[in-house]
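Input: a single structure, listed below in structure tokens.
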Amino acid sequence: MQIDFTHCPGGVADKDELHSSFFSDTAVAVQRLRQLERAGFDRVLIDDMGGLLANMDLASLALRSTQSIGVLVSHWPGIVAPVVAARQFAAFDQIGSGRLALRVPPSRDLRETNDDSGLVATLGRTDEYLMLLKRLWSNAQPFDHEGLFYRIHGGFVPMKAADGAVIPLQLGGLSGTALKIAGRHADRFELPVGGFDDTLRLIERVRVAAEPFGRAQRVRFSLPVHVGPVHAGHVQAGEGGQQDWQLTGEPEHVVSVLAGFVELGVSDFIVHGLDDAETVEAFGRQVIPSLRKAFRRHDPAPTHLRKRPVVLRRIV
């Protein structure tokens with residue numbers, strides 16, 4: 001089983017104990033990106049509040065300064081026209097030789113409305129937007145489109161690979177409509193933080209939603225985890241929505257808990273909290289290789305990775 005790790009940059013402590021952006025200094029950012037690559041991370045999350053242009057600049061930096069690490073760029077549908085976005089992302093996909101992926105968070109509109117009809121309409125726009133992106137990336141000839149939310153005349157992306165651009169999409173959500181859209185489009189589904197039972201139920205719901213599109217076994221699952229200094233023997237895991245969870249234990253116990261989620265179907269961990277060179281190195285040395293080794297041959301986790309009880313405690 002392939003197990004991936006995505007690094008989520010946060011504030012970085014400098015010598016004066018102040019915190020700066022991971023990307024605030026280009027030269028230092030390049031060093032950090034290359035360290036993530038050496039530590040075994042597969043992707044880095046680009047989610048700058050500056051918006052699409054800032055995210056694209058940071059994605060370019062990450063792709064050009066590394067050899068193998070991928071970039072997962074957050075992109076809200078509707079910010080720019082589908083043709084413009086499709087062209088930009090196709091060009092970056094060529095720069096990165098297939099290392100680009102898009103994370104599609106819930107629309108910003110959803111944070112400001114409790115109206116069910118508004119929710120459905122916004123998700124409908126997302127569905128149409130993603131359909132157009134994929135069509136623009138794959139079509140060999142210009143096409144016209146007139147839908148509920150978008151109109152396109154002669155839509156075409158000239159700068160893409162000969163066989164089209166294949167850019168993975170990562171989606172999430174909990175409503176029935178959101179799950180249907182994820183079932184149709186998501187290569188990875190981003191799970192919220194939760195216990196084993198909740199995680200398993202949501203994975204099953206996503207697979208049911210993906211079944212009508214013939215994609216039930218094609219969707220992979222990502223889980224956010226928040227970690228502290230692994231070498232210190234005190235680790236925090238999981239941060240999402242309104243919840244913070246604390247997981248205590250040695251690195252071996254961290255591996256055992258993550259292994260439990262892998263057994264449920266999780267194959268990618270979005271790691272928050274590794275904000276300095278020491279913690280990145282420790283996580284890359286003590287956690288990443290151990291978890292991958294446990295599932296290298298599709299076998300269930302070894303007994304010593306499953307026998308310890310999981311202690312999850314909400315921080316209040």
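Heads up: numbering here begins at 1 and tracks the sequence. Scope of the values below: all heavy atoms of this structure, side chains included, with no hydrogens, waters or symmetry mates.
Looking at every heavy atom in both residues, Leu45 comes nearest to Thr6 through N-CG2, 4.0 Å. Across all their heavy atoms, Gln286 and Val255 have their closest contact at O-CG2, 4.1 Å. Residue Ser222 comes nearest to Ile270 through the heavy atom pair CB-CD1, 4.0 Å, listed as atom of the first residue, atom of the second, then distance. In this structure, Pro289 and Gly284 approach most closely via the heavy-atom pair CD-O, 3.0 Å. Shown here for Leu223 and Pro192, the closest heavy-atom pair between the two residues is CD1-O, 3.6 Å. Of all non-hydrogen atoms in Val227 and Val271, the two that sit nearest each other are CG2-CG1, 3.8 Å.
Within the 4.5 Å cutoff, no side-chain heavy atoms of Val225 are placed close to those of Val254. Side-chain atoms of Pro105 and Glu190, non-hydrogen and from C-beta on, never get closer than 4.5 Å to each other. Looking only at side-chain heavy atoms (C-beta outward), Arg205 and Val208 stay at 4.5 Å or farther from each other. In this structure the side chain of Leu191 reaches within 4.5 angstrom of the side chain of Val266, judged on heavy atoms. Between Leu136 and Phe143 there is a side-chain heavy-atom pair separated by less than 4.5 Å.
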Practice prompt. Determine, step by step, whether Gln67 and Arg34 satisfy the side chain to side chain contact (heavy atoms under 4.5 Å, CB included) criterion, reporting the C-alpha distance in whole Å, the side-chain angles of both residues, the deciding distance to 0.1 Å, and the verdict.
Written response: CA-CA 9 Å; Gln67 297 296 318; Arg34 290 174 179 171; over 6 Å; no
Fill in: Pair Val262-Phe269, side chain to side chain contact (heavy atoms under 4.5 Å, CB included): steps then yes or no
CA-CA 9 Å; Val262 173; Phe269 294 97; 3.8 Å; yes
Worksheet item: What's the verdict on side-chain hydrogen bond (donor to acceptor under 3.5 Å, both in side chains) for His145 and Glu128, showing C-alpha distance, side-chain angles and the deciding distance?
Response: CA-CA 10 Å; His145 169 83; Glu128 187 175 338; 2.9 Å; yes
Worksheet item: Yes or no on side chain to side chain contact (heavy atoms under 4.5 Å, CB included) for Leu179 and Phe189, after CA distance, side-chain angles and deciding distance?
Response: CA-CA 9 Å; Leu179 293 183; Phe189 185 88; 3.7 Å; yes
Discussion item. Does Ser267 form a side-chain hydrogen bond (donor to acceptor under 3.5 Å, both in side chains) with Gln2? I'd like the steps, not just the answer.
Written reply: CA-CA 7 Å; Ser267 60; Gln2 178 182 343; over 6 Å; no
Worksheet item: Could you go step by step and tell me if Phe213 and His185 meet the ring-ring contact (aromatic ring centres under 6.0 Å, His included) rule?
Response: CA-CA 9 Å; Phe213 308 103; His185 297 294; 7.9 Å; no
Item to complete: Apply side chain to side chain contact (heavy atoms under 4.5 Å, CB included) to the pair Val104 and Trp76, showing each step before the final yes or no.
Response: CA-CA 6 Å; Val104 184; Trp76 283 267; over 6 Å; no
Worksheet item: Does the pair His7 and Phe22 meet the rule for a ring-ring contact (aromatic ring centres under 6.0 Å, His included), with working shown?
Response: CA-CA 11 Å; His7 181 266; Phe22 183 94; 5.6 Å; yes
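The SG atom of Cys8 sits 10.5 Å away from atom CZ of Phe41, with the distance rounded to the nearest 0.5 Å. Taken to the nearest 0.5 Å, the CG atom of Leu33 stands 10.0 Å off from the CD atom of Gln35. Within the model, atoms CG of Leu264 and CD1 of Ile203 stand 5.5 Å from one another, a figure rounded to the nearest 0.5 Å. Between the CG atom in Asp127 and the CD1 atom in Ile181 there is a gap of 4.5 Å [rounded to 0.5 Å]. Atoms CZ and CG, on Phe149 and Leu132 in that order, are 11.5 Å from each other to the nearest 0.5 Å. Met56 contributes atom CE, which lies 8.0 Å from atom CD1 of Ile95 (distance to the nearest 0.5 angstrom).
Val80 and Phe156 end up in different hydrophobic clusters when Ile, Leu, Val, Met, Phe, Trp and Tyr side chains are linked at under 4.5 Å. Hydrophobic cluster membership differs between Val166 and Leu171, with clusters built from Ile, Leu, Val, Met, Phe, Trp and Tyr side chains linked at under 4.5 angstrom. Both Val287 and Met1 are assigned to one and the same hydrophobic cluster, defined by single-linkage of ILVMFWY side chains at heavy-atom distances under 4.5 Å. When the side chains of ILVMFWY residues are joined at heavy-atom separations under 4.5 Å, either directly or via intervening members, Ile79 and Trp137 end up in a single hydrophobic cluster. The hydrophobic clustering, which links ILVMFWY residues whose side-chain heavy atoms are closer than 4.5 Å, places Leu130 and Leu72 apart.
For Arg285 and Glu281, the salt-bridge test passes: some basic side-chain N is under 4.0 Å from an acidic carboxylate O. The pair Arg220-Asp4 meets the salt-bridge criterion, since a charged nitrogen lies less than 4.0 angstrom from a carboxylate oxygen. Note on Asp187 versus Arg103: no salt bridge recorded, every NZ/NE/NH1/NH2 to OD/OE distance being 4.0 Å or above.
Note that Arg43 lies outside the cation-pi zone of Phe5, set by a 6.0 Å cut-off to the ring centre and a 45° limit from the axis. For the pair Arg188 and Phe221, the cation-pi criterion (under 6.0 Å, within 45° of the ring axis) is not fulfilled.
Put simply, the side chain of Glu37 gets close to the backbone of Ile69: a donor and an acceptor are under 3.5 Å apart. Proximity of a side-chain donor or acceptor of Lys160 to a complementary backbone N or O of Val157 within less than 3.5 Å is detected. Under a 3.5 Å cut-off, the side chain of Arg215 and the backbone N or O of Gly183 do form a donor-acceptor pair.
Within the 6.0 Å centre-distance limit, the rings of Tyr129 and His75 are counted as a close aromatic pair.
A side-chain hydrogen bond (donor to acceptor under 3.5 Å, both in side chains) with Arg99 holds for exactly one of Asp93, Asp42, Thr66; it is Thr66.
Few gaps surround NZ on Lys134; more than 12 heavy atoms of other groups in view lie less than 6.0 Å from it.
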